Amino acid sequence: MHVSNLTANKSADKILNVAIKLLKEGYSFKLQIGGDGDTSELEKIVKNENLESVIEIFGIQTLPQIAERMQRSDCFILFSDYENQPCVIAESFASGIRVISTNVGGISEFFPDDFGILLENKEEDLLKDAMLKMLMSEKKPDPSTLKIYAEETFSQEIISEKFLKIYNETLK
């Protein structure tokens, strides 16, 4: 699954390209790509490749709809040129799914080793290899482990406690 604002920086087209290559090589999976950007080119590619049964392109969704999609997914892909500390990775972990992401911005600081794959650069071959590893992987972390990590690291209560601690230390 990939969801974003679908700008060029997010590279949804490259994710789609790699998925099509894998499907043509005989691998079996379903891909969802969507967000609040222009989906017309992605939809055209999927239609031209006659892959509507395995690749779904979707537009704007509500937060509960995205949460439901994530919970039904096995992996989230973030193939960006740059990021800060993207919430979508925390949301993926909270949904109990692994992540493939480019190692940009503040991602590696909050990305346990067995929670997915970090790509050192944005090459389609690296993404293809990572997607194959996810597809072929028999060893998967227990989704509850990912959810607990997300709660213990990103919940409002934990973040509030950290801010309060800094605030109190500053007052001293």
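Because the structure is predicted, anything quoted here is derived from the model rather than measured.
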Self-check item: Flag if over 12 foreign heavy atoms under 6.0 Å of CG, Asn168
Solution: yes
Self-check item: Working for side chain to side chain donor-acceptor pair (under 3.5 Å), residues Thr39 and Glu43
Solution: CA-CA 6 Å; Thr39 60; Glu43 290 168 347; 3.0 Å; yes
Self-check item: Co-membership, hydrophobic cluster, residues Val3 and Leu78, 4.5 Å side-chain
Solution: yes
Quiz prompt | Close side-chain approach of Tyr82 to Thr102, heavy-atom, < 4.5 Å | solution = no
Quiz item: Any side-chain heavy atom of Leu127 within less than 4.5 Å of one from Lys14?
Solution: no
Quiz item: Taking atom CG of Leu63 as the centre, does the number of heavy atoms from other residues, nucleotides or ligands within less than 6.0 Å exceed 12?
Solution: no
Quiz item: Backbone N or O of Ile97 within a donor-acceptor pair of the Ser92 side chain at under 3.5 Å?
Solution: no
Quiz prompt | Lys10/Glu83 under salt bridge (charged side-chain N to carboxylate O under 4.0 Å, His left out): CA gap, chis, key distance, verdict | solution = CA-CA 9 Å; Lys10 302 297 183 178; Glu83 290 289 342; 2.5 Å; yes
Exercise. Using a cut-off of 6.0 Å, state whether more than 12 heavy atoms not belonging to Asp142 lie near its atom CG.
Key: yes
Quiz item: Out of curiosity, Met131 CE to Leu22 CG, how far, rounded to the nearest 0.5 Å?
Solution: 5.5 Å
Practice problem: Kindly indicate whether the side chain of Ile158, heavy atoms from C-beta on, has any atom under 4.5 Å from the side chain of Thr153. | Solution: no
Exercise. Taking atom CD of Glu109 as the centre, report whether more than 12 heavy atoms of other residues, nucleotides or ligands fall under 6.0 Å from it.
Key: yes
Quiz item: Any side-chain heavy atom of Val88 within less than 4.5 Å of one from Ser4?
Solution: no
Quiz item: Under 3.5 Å, is there a donor-acceptor pair between the side chain of His2 and the main chain of Ile33?
Solution: no
Quiz item: Can you find a heavy atom in the side chain of Asp114 that is under 4.5 Å from one in the side chain of Thr145?
Solution: no
Practice problem: Using atom types as modelled and distance alone, determine if a side-chain donor or acceptor of Thr62 lies under 3.5 Å from a backbone N or O of Gln65. | Solution: yes
Quiz item: Could you go step by step and tell me if Thr7 and Asn9 meet the side chain to side chain donor-acceptor pair (under 3.5 Å) rule?
Solution: CA-CA 5 Å; Thr7 59; Asn9 164 57; 4.6 Å; no
Quiz item: So do the side chains of Met1 and Arg72 get within less than 4.5 Å of each other, counting heavy atoms only?
Solution: no
Quiz item: What do you reckon, are the aromatic ring centroids of Phe110 and Phe93 less than 6.0 Å apart?
Solution: no
Practice problem: Using a cut-off of 6.0 Å, state whether more than 12 heavy atoms not belonging to Lys30 lie near its atom NZ. | Solution: no
Quiz item: Looking at side-chain heavy atoms only, is the closest gap between Lys147 and Glu151 below 4.5 Å?
Solution: no
Quiz item: For Ser108, which residues count as a side chain to side chain contact (heavy atoms under 4.5 Å, CB included) partner, sequence neighbours excluded?
Solution: Asn103, Leu118
Quiz item: Hey, is Lys44 close enough to Glu41 for a salt bridge, meaning N to O under 4.0 Å?
Solution: yes
Self-check item: Student check: side-chain heavy atoms of Ile20 and Ile55 closer than 4.5 Å
Solution: yes
